[in-house]
Amino acid sequence: NTVQNRGDAMAVIDLVKYGANINTVTTQATSYDTSYAASYWPWVKTVDPDTSKQVWVPASTLIPGVYAFNDAVAEPWFAPAGINRGVMSTATRAERYLTQGNRDILYQNKVNGIVTFPNTGVTVFGQKTLQKRKSSLDRINVRRLLIELKVFISEIADTLVFEQNTVAT
């Protein structure tokens, strides 16, 4: 609710605990309806920087890194997914193997699958928001584009406050 009310960020929501199945994930996703949030599943294994041991973590702990990489090599309005911009470089594997059918079920239910591809690594394979209604805003890249535009327009508008209404303004 806070992110949606602010309108200038995306929330990454973990729907289930470690060990959950696909039916539980998709059921939980139905309780959300917002284009300001996204969910990813399953959990992923990564190295704990404090202990150097492999640990299972929810996707939300690594997704901000995917978004940051996406923005560094492209722009926020590009999809933070796929083998070009969606590889989770610090993850070693996903909790579950997702078939194409599993990925389709997740995507139809607004959950972005995380897949371990041979020779590529752990990869985000979806870019749906948690919005129920089909529209452009059910895509993460479109919501992030509008957030960027809102910030840009606000910055420009701040310079025009209290200026005379002329042809230039």
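If you read the sequence from its start, that first residue is 1, and numbering goes on from there. Worth saying up front: this structure is predicted, and the values here are computed from it rather than measured. Side-chain atoms are counted along with the backbone in the values below, which use heavy atoms only and exclude waters and symmetry mates.
- Side-chain contact check for I63 versus V124: some heavy-atom pair is nearer than 4.5 Å.
- In the hydrophobic cluster analysis, where Ile, Leu, Val, Met, Phe, Trp and Tyr join through side-chain heavy atoms closer than 4.5 angstrom, Y107 is grouped apart from V122.
- The CG atom of D71 sits 7.0 Å away from the CD atom of E148 when rounded to the nearest 0.5 Å.
- Note that the CG atom of L130 and the CD atom of Q4 stand 10.5 Å from one another [nearest 0.5 Å].
- Here the side chains of T129 and T34 are not in contact, with every heavy-atom distance at 4.5 Å or above.
- Residue T90 comes nearest to L62 through the heavy atom pair OG1-CD2, 3.5 Å, listed as atom of the first residue, atom of the second, then distance.
- At distances below 3.5 Å, not a single donor-acceptor pair connects side-chain atoms of D33 with backbone N or O atoms of Q131.
- Shown here for D50 and D48, the closest heavy-atom pair between the two residues is N-OD1, 2.7 Å.
- In this structure, Y36 OH and N1 CG are separated by 13.0 Å, a value rounded to the nearest 0.5 Å.
- A heavy-atom distance below 4.5 Å is found between the side chains of N21 and T24.
- Inter-residue side-chain proximity for V87 and F69 is flagged as unmet; no heavy-atom pair is nearer than 4.5 Å.
- Within the 4.5 Å cutoff, the side chain of T46 has no heavy atoms near those of the T61 side chain.
- To the nearest 0.5 Å, atom NZ of residue K45 and atom CE of residue M88 are 15.0 Å apart.
- The shortest side-chain heavy-atom distance between R144 and F78 does not fall under the 4.5 Å cut-off.
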Stepwise side chain to side chain contact (heavy atoms under 4.5 Å, CB included) check, L149 with L146: CA-CA 5 Å; L149 286 173; L146 293 178; 4.1 Å; yes

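- Looking at S135 and D138, their side chains never bring a donor and an acceptor atom within 3.5 Å of each other.
- Contact detail for N102 and I22: the closest heavy-atom pair is O-CD1, 3.7 Å.
- Taking all atoms of both residues into account, the shortest heavy-atom contact from R6 to K150 is O-NZ, 3.4 Å.
- Of the inter-residue distances, the one linking E75 atom CD with N141 atom CG reads 12.5 Å to the nearest 0.5 angstrom.
- A distance-only check finds no donor-acceptor pair linking the side chain of K128 to the backbone of K110 [under 3.5 Å].
- For Q100, the side chain to side chain contact (heavy atoms under 4.5 Å, CB included) test picks out R103, D104, with sequence neighbours left out.
- Of the possible donor and acceptor atoms, one in the side chain of R85 sits under 3.5 Å from a partner among the backbone N and O of A79.
- A heavy-atom distance below 4.5 Å is found between the side chains of L98 and P42.
- Cluster partners of W43 are Y18, W56, counting Ile, Leu, Val, Met, Phe, Trp and Tyr whose side-chain heavy atoms approach within less than 4.5 Å, directly or via other members.
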Mind listing the side-chain donor-acceptor pairs of residues 10-17 below 3.5 Å, one per line with the distance, residues two or more places apart or on another chain?
residue, atom, partner, partner atom, Å
D14, OD1, S60, N, 3.2
D14, OD1, S60, OG, 3.4
D14, OD2, S60, OG, 2.3

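- Shown here is E163, whose CD atom has more than 12 heavy atoms of other residues, nucleotides or ligands within 6.0 Å.
- Taking a 6.0 Å sphere around CZ of F125, one finds it holds 12 or fewer heavy atoms contributed by other residues, nucleotides or ligands.
- Annotation for G126 and Y40: closest pair O-CE2, 4.3 Å, computed over non-hydrogen atoms.
- Environment of CG in N165: sparse, with no more than 12 heavy atoms of neighbouring residues, nucleotides or ligands closer than 6.0 Å.
- In terms of heavy-atom proximity, Q28 sits nearest to S31 at O-OG, 2.7 Å.
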Worked check of side chain to side chain contact (heavy atoms under 4.5 Å, CB included) between L106 and N112: CA-CA 6 Å; L106 288 170; N112 301 300; over 6 Å; no

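- Side-chain contact, R143 with S35: a donor N or O sits under 3.5 Å from an acceptor N or O.
- Hydrophobic clustering, with ILVMFWY side chains joined whenever heavy atoms are under 4.5 angstrom apart, keeps V44 apart from F117.
- The same ILVMFWY cluster, assembled from side-chain heavy atoms under 4.5 Å apart, contains both I114 and I140.
- Considering only heavy atoms from C-beta on, Y97 comes within 4.5 Å of T99 through its side chain.
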